[in-house]
Chemist: 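The structure under discussion is supplied below as structure tokens; questions concerning it will follow.
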Amino acid sequence: MKIAVFFPGIGYHCDKPLLYYSGKITGQYQYELCRLSYAGLSKSTKDLNKIATEAFKPALAQIEAALKEIDWSKYEDILFVSKSIGTVVACAYAKQHGVKCRNIYYTPLEKTFSFEPQEGIVFHGTSDPWAQTKVIQSKCLEHHLPLHIIEDANHSLERSDDAESSLRILMSVMELTESYVKDGMQYRQLCWEELCRELFAGFIRRQNVTKCRRYENGRWIVKEDPFVDDWSEADYQVLITCLQNTIHTNGFVYAAFCGGILKGFVSVESGLFGGANNYLDLSSIHVSEDMRSRGIGRRLFDAAAEWAKRQGAGKLYISSHSAVETQAFYHAMGCVEAREYNREHVEKEPFDCQLEYIL
């Protein structure tokens with residue numbers, strides 16, 4: 001059995017967009033729904049910290065009463081969906097009652113993190129007056145929580161006086177919400193500070209290669225070439241340095257997490273190149289061995305393509321591993337042989353297949 005419990009904010013009830021549509025999504029995946037509410041809580045002052053402090057105890061007391069008859073032991077999947085002060089209440093309740101749950105945290109407050117939040121996915125807007133972006137970033141790093149930051153979004157994850165933009169934000173947030181509800185996957189950009197060896201502790205690079213594509217005598221052929229492709233500790237250190245440099249130079253590093261553990265990533269460099277100056281380099285894309293064939297690679301590739309298009313690129317350039325399985329993935333994405341070969345890539349990896357993807 002599965003249950004999704006919804007913890008609202010003050011004035012942000014379960015019929016408001018974030019909680020309403022996340023409720024529709026969880027219902028579609030056969031979760032039993034438990035929608036909570038508060039009585040007598042109000043914003044009696046403009047001091048947001050004071051509101052959160054004064055409202056916490058009565059809100060928690062009401063939730064305690066509302067949930068007292070639930071037997072948590074009968075559920076194999078417990079999902080807490082919370083908003084604003086509801087994120088504080090959800091964390092406090094789970095800690096006090098020993099409830100092991102997954103979480104969707106919409107616009108958490110700083111106080112949320114004082115209750116040792118469990119695994120989940122976090123959404124925050126940079127124009128949220130209830131929480132400082134730097135604090136939320138720092139706390140999410142500390143607790144290993146994937147964070148999605150929406151630029152210029154307020155405490156409702158909307159942009160004031162911009163209905164079209166607000167609807168786009170809502171759709172994006174719900175897509176990420178559904179990915180998490182469906183299979184526990186979380187997708188977000190990585191930041192420079194979190195790139196370290198520990199981040200890759202649960203990532204398995206291993207790939208058993210049997211056949212590769214080779215260009216011989218003017219045509220592509222498939223040849224037997226069995227080997228195991230894996231990374232040494234030195235390879236991981238090089239990778240980390242390269243990804244840090246990508247971020248430092250305003251490139252794109254985007255990752256997939258399962259249960260808070262890194263299971264896939266993609267990177268795109270920032271500098272346009274090529275004869276028409278319209279290529280951007282997709283410098284890496286990898287999915288952990290234990291999570292392949294689940295659509296994660298496609299999701300990462302699509303995110304990279306969307307980012308590259310926003311930067312003004314016309315094509316992605318891929319210097320790809322020649323393994324037949326790897327080539328099958330790129331061809332399924334719509335990649336074809338590159339019209340221009342990048343000399344640097346060819347010299348570095350002469351057996352790679354040089355591909356492009358039209359944006």
Side-chain angles (χ1 to χ4, degrees), residues 4-14 16-19 22 34-68 72 78-150 153-158 173 177 180 186 188 191 193-194 260:
V5 185
F6 294 80
F7 297 78
I10 301 174
Y12 200 99
H13 313 298
C14 289
K16 293 291 183 75
L18 293 171
L19 299 181
S22 56
C34 177
R35 296 183 173 94
L36 301 171
S37 61
Y38 315 117
L41 302 185
S42 63
K43 301 177 183 178
S44 58
T45 174
K46 292 184 178 181
D47 186 336
L48 302 181
N49 289 324
K50 187 176 181 181
I51 292 172
T53 300
E54 291 180 348
F56 168 65
K57 286 186 178 180
L60 180 59
Q62 292 181 43
I63 296 308
E64 296 265 4
L67 299 178
K68 66 180 180 180
W72 299 108
I78 301 170
L79 179 66
F80 282 3
V81 185
S82 53
K83 172 73 175 74
S84 185
I85 196 170
T87 65
V88 187
V89 175
C91 286
Y93 179 89
K95 182 179 181 181
Q96 291 178 17
H97 292 267
V99 178
K100 179 67 176 176
C101 59
R102 300 190 297 140
N103 292 268
I104 299 172
Y105 301 105
Y106 294 126
T107 64
L109 309 182
E110 182 177 349
K111 188 178 180 65
T112 304
F113 300 93
S114 63
F115 292 100
E116 301 174 10
Q118 296 183 53
E119 177 234 317
I121 182 172
V122 180
F123 296 90
H124 166 78
T126 60
S127 294
D128 185 345
W130 287 67
Q132 296 180 26
T133 298
K134 287 185 177 180
V135 172
I136 298 301
Q137 286 177 315
S138 174
K139 293 296 184 180
C140 284
L141 277 173
E142 179 183 343
H143 294 277
H144 307 289
L145 288 168
L147 169 63
H148 292 275
I149 293 179
I150 296 95
N154 59 24
H155 195 57
S156 298
L157 294 183
E158 297 176 354
V173 170
T177 294
Y180 184 68
Q186 310 132 40
R188 65 174 176 86
C191 60
E193 294 82 0
E194 64 188 308

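Quick note: residue numbers are just sequence positions, from 1. Computed from a predicted structure; not experimentally measured. All values below come from the heavy atoms of this structure, side chains included, with hydrogens, waters and symmetry mates left out.
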Chemist: Taking the side chain as every heavy atom from C-beta outward, state whether Leu36 and Phe6 have any atom pair closer than 4.5 Å.
Modeler: no
Chemist: For the residue pair His13 / Ser37, report whether a side-chain donor-acceptor contact shorter than 3.5 Å exists.
Modeler: no
Chemist: Among residues at least two apart in sequence or on other chains, which ones pass side-chain hydrogen bond (donor to acceptor under 3.5 Å, both in side chains) with Tyr38?
Modeler: none
Chemist: Is it true that Phe80 and Phe7 have ring centroids separated by less than 6.0 Å?
Modeler: yes
Chemist: With sequence neighbours excluded, what pairs up with Glu194 under the salt bridge (charged side-chain N to carboxylate O under 4.0 Å, His left out) test?
Modeler: Arg188
Chemist: Does any non-hydrogen side-chain atom of Phe113 lie less than 4.5 Å from one of Cys140?
Modeler: yes
Chemist: Is a side-chain N or O of Gln62 found less than 3.5 angstrom from the main chain of Ala39, in a donor-acceptor match?
Modeler: yes
Chemist: Salt-bridged, Arg102 to Glu119, with N to O below 4.0 Å?
Modeler: no
Chemist: Does a donor on one side chain and an acceptor on the other come within less than 3.5 Å for Gln137 and His124?
Modeler: no
Chemist: When you compare the side chain of Asn103 with that of Ile121, does any pair of heavy atoms fall below 4.5 Å?
Modeler: no
Chemist: Between Ile78 and Lys100, does a side-chain contact (heavy atoms from CB on, under 4.5 Å) hold up when you go through it step by step?
Modeler: CA-CA 7 Å; Ile78 301 170; Lys100 179 67 176 176; over 6 Å; no
Chemist: Would you check if Leu109 and His155 make a side-chain contact, meaning some heavy-atom pair closer than 4.5 Å?
Modeler: yes
Chemist: Heavy atoms only: give me the nearest Leu145-Gln118 pair and the separation to one decimal.
Modeler: CD2-O, 3.4 Å
Chemist: Mark yes or no for whether Arg35, through its side chain, and Leu19, through its backbone, hold a donor-acceptor pair below 3.5 Å.
Modeler: no
Chemist: Taking C-beta and beyond as the side chain, do Trp72 and Leu67 meet within less than 4.5 Å on heavy atoms?
Modeler: yes
Chemist: Taking the side chain as every heavy atom from C-beta outward, state whether Ser82 and Val5 have any pair of such atoms under 4.5 Å apart.
Modeler: no
Chemist: Would you say the side chains of Thr87 and Thr112 form a donor-acceptor pair under 3.5 Å?
Modeler: yes
Chemist: Is the backbone of Val173 close enough, under 3.5 Å, to the side chain of Thr177 for a donor and an acceptor to pair up by distance?
Modeler: yes
Chemist: Does a donor on one side chain sit under 3.5 Å from an acceptor on the other, for Thr107 and Tyr12?
Modeler: no
Chemist: Mind listing the closest non-hydrogen atom pair of Gly9 and Ser84 along with its distance?
Modeler: CA-CB, 4.2 Å
